[in-house]
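FYI, side chains are in, hydrogens and waters are out, and symmetry mates aren't considered; it's all heavy atoms of this structure. Because the structure is a prediction, the values reported are computed rather than measured. In what follows, residues are counted from 1 in the order of the sequence shown.
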Amino acid sequence: NNSLLTTAAVVGFPTIVPASVFGKNAPSNKINIGQIGCGRIARDHDIHDTIRFDQSRYVAVCDLDSNRAADAKVLVDKFYKEKTGKDKYMDTKIYDDYREMLLNKDIDAVVISTPDHWHSQPAMEAALAGKDIYLQKPTSLTVREGQQLRDAVQKTGVILQVGTQQRAMPQFRVAAELVRNGRIGKIHTVKIGLPG
């Protein structure tokens, strides 16, 4: 009888829960992101362009270079500190092996900003781990690698978005329109300089 009374008292006791636990900004309503690769593209574009959206939050960063990983952690933690006014709002976890990060069940999605030769492998493994993926271009170095990535995404049903944002930028659309409509004359030579 005592345990029944204790249980009833605990269940009936009013509980004070912070408002941040409920509503549109509740932690359970956010997409938890892990960053794979923390070099220039990640720091100057991918993290910067993603972190500002309230529906997601960075919870982990990963890079083989411990200095780059530490810099990315500082960047993420500083952003959340400034945004929330709380020193320890986010304590971003650092990984040096993306495979270990993919085991983290709290991570819903990954942003992959590794060097060009190392896009497909972590993307395939992220898909197999059930993580949605934003992947910098190129998706692969070979057709076969691209087919394997496609198969992994189709098999698991995760979302894959590839960073081909330049195709949507106004200056590139205008340039394509000028070429297609013959506005710059007949094209006879095209030179491409990559990267950057």
Enumerate the residue pairs fulfilling ring-ring contact (aromatic ring centres under 6.0 Å, His included) with a member in residues 58-86, sequence neighbours excluded, ordered by first and then second residue.
Tyr80-Tyr89

Decide side-chain contact (heavy atoms from CB on, under 4.5 Å) for Lys93 and Tyr95; before the verdict, give the C-alpha distance in whole Å, the side-chain angles of both, and the deciding distance to 0.1 Å.
CA-CA 7 Å; Lys93 179 134 175 68; Tyr95 293 91; 3.4 Å; yes

Looking at every heavy atom in both Asp54 and Lys30, which two are closest together, and how far apart are they?
O-NZ, 2.5 Å

When you compare the side chain of Val110 with that of Met101, does any pair of heavy atoms fall below 4.5 Å?
yes

Please table the atom pairs, donor to acceptor, closer than 3.5 Å between any side-chain atom in residues 60-71 and protein atoms at least two apart or in another chain.
residue : atom : partner : partner atom : Å
Asp63   : OD1  : Asp65   : N            : 2.8
Asp63   : OD2  : Cys38   : N            : 2.6
Asp65   : OD1  : Asn67   : N            : 2.8
Asp65   : OD1  : Arg68   : N            : 3.3

Less than 4.5 Å apart, side chain to side chain, heavy atoms only: is that true for Ile36 and Val111?
no

Working to the nearest 0.5 angstrom, can you tell me the gap between Ser140 OG and Met124 CE?
8.5 Å

In short, Ile133 meets Ala123 closest at the heavy-atom pair CD1-O, 3.3 Å

Sub-4.5 Å side-chain heavy-atom contact between Val162 and Tyr134
no

Between CG of Leu75 and CD1 of Ile47, what distance do you get to the nearest 0.5 Å?
5.5 Å

Would you say Asp106 and Val59 make side-chain contact, with heavy atoms under 4.5 Å?
no

Which heavy atom of Arg52 sits nearest to which heavy atom of Lys83, and what is that distance?
O-NZ, 4.3 Å

Within-4.5 Å side-chain heavy-atom neighbours: Arg43 and His48:
no

Donor + acceptor pair across side chains of Asn29, Gln55 (<3.5 Å):
no

Identify whether Tyr98 and Ile31 are in the same connected component of the hydrophobic contact network (ILVMFWY, side-chain heavy atoms under 4.5 Å).
yes

For the residue pair Pro122 and Leu102, what are the closest heavy atoms and their distance?
O-CD1, 4.4 Å

Using the side-chain hydrogen bond (donor to acceptor under 3.5 Å, both in side chains) criterion, which residues pair with Asp77? Sequence neighbours excluded.
Lys73, Thr92

Who pairs with Lys81 by side-chain hydrogen bond (donor to acceptor under 3.5 Å, both in side chains), at least two apart in sequence or on another chain?
Asp87

Testing the 3.5 Å rule here: is there a donor-acceptor pair between the side chains of Ser120 and Gln148?
no

In short, Asp132 meets Ile159 closest at the heavy-atom pair OD1-N, 2.8 Å

State, yes or no, whether a side-chain contact exists between Ile107 and Lys131 at a heavy-atom distance under 4.5 Å.
yes

Please, which pairs that meet salt bridge (charged side-chain N to carboxylate O under 4.0 Å, His left out) have at least one residue in residues 138-155, sequence neighbours excluded?
none

Pair Arg173 + Glu177: basic N to acidic O under 4.0 Å
no

Given the rule that I, L, V, M, F, W and Y join up when any side-chain heavy atoms are under 4.5 Å apart, are Phe53 and Leu135 in one cluster?
no

Roughly how far, to the nearest 0.5 Å, is NZ of Lys105 from CG of Leu103?
7.0 Å

Do Leu149 and Thr139 have side chains that approach each other closer than 4.5 Å (heavy atoms only, starting at C-beta)?
yes

Suppose we screen for side chain to side chain contact (heavy atoms under 4.5 Å, CB included). Which residues come up paired with His117, at least two apart in sequence or across chains?
Pro115, Leu141

Any Asn32 side-chain heavy atom under 4.5 Å of Arg57 side chain
yes

Would you give the length of the straight line joining atom CG of Asp46 to atom OG of Ser113, rounded to the nearest 0.5 angstrom?
3.5 Å

Quick one: pull up CD in Gln35 and CD1 in Ile51 and give me the separation to the nearest 0.5 Å.
10.0 Å

Which atom of His119 lies closest to which atom of Lys137, heavy atoms considered
CE1-O, 2.9 Å

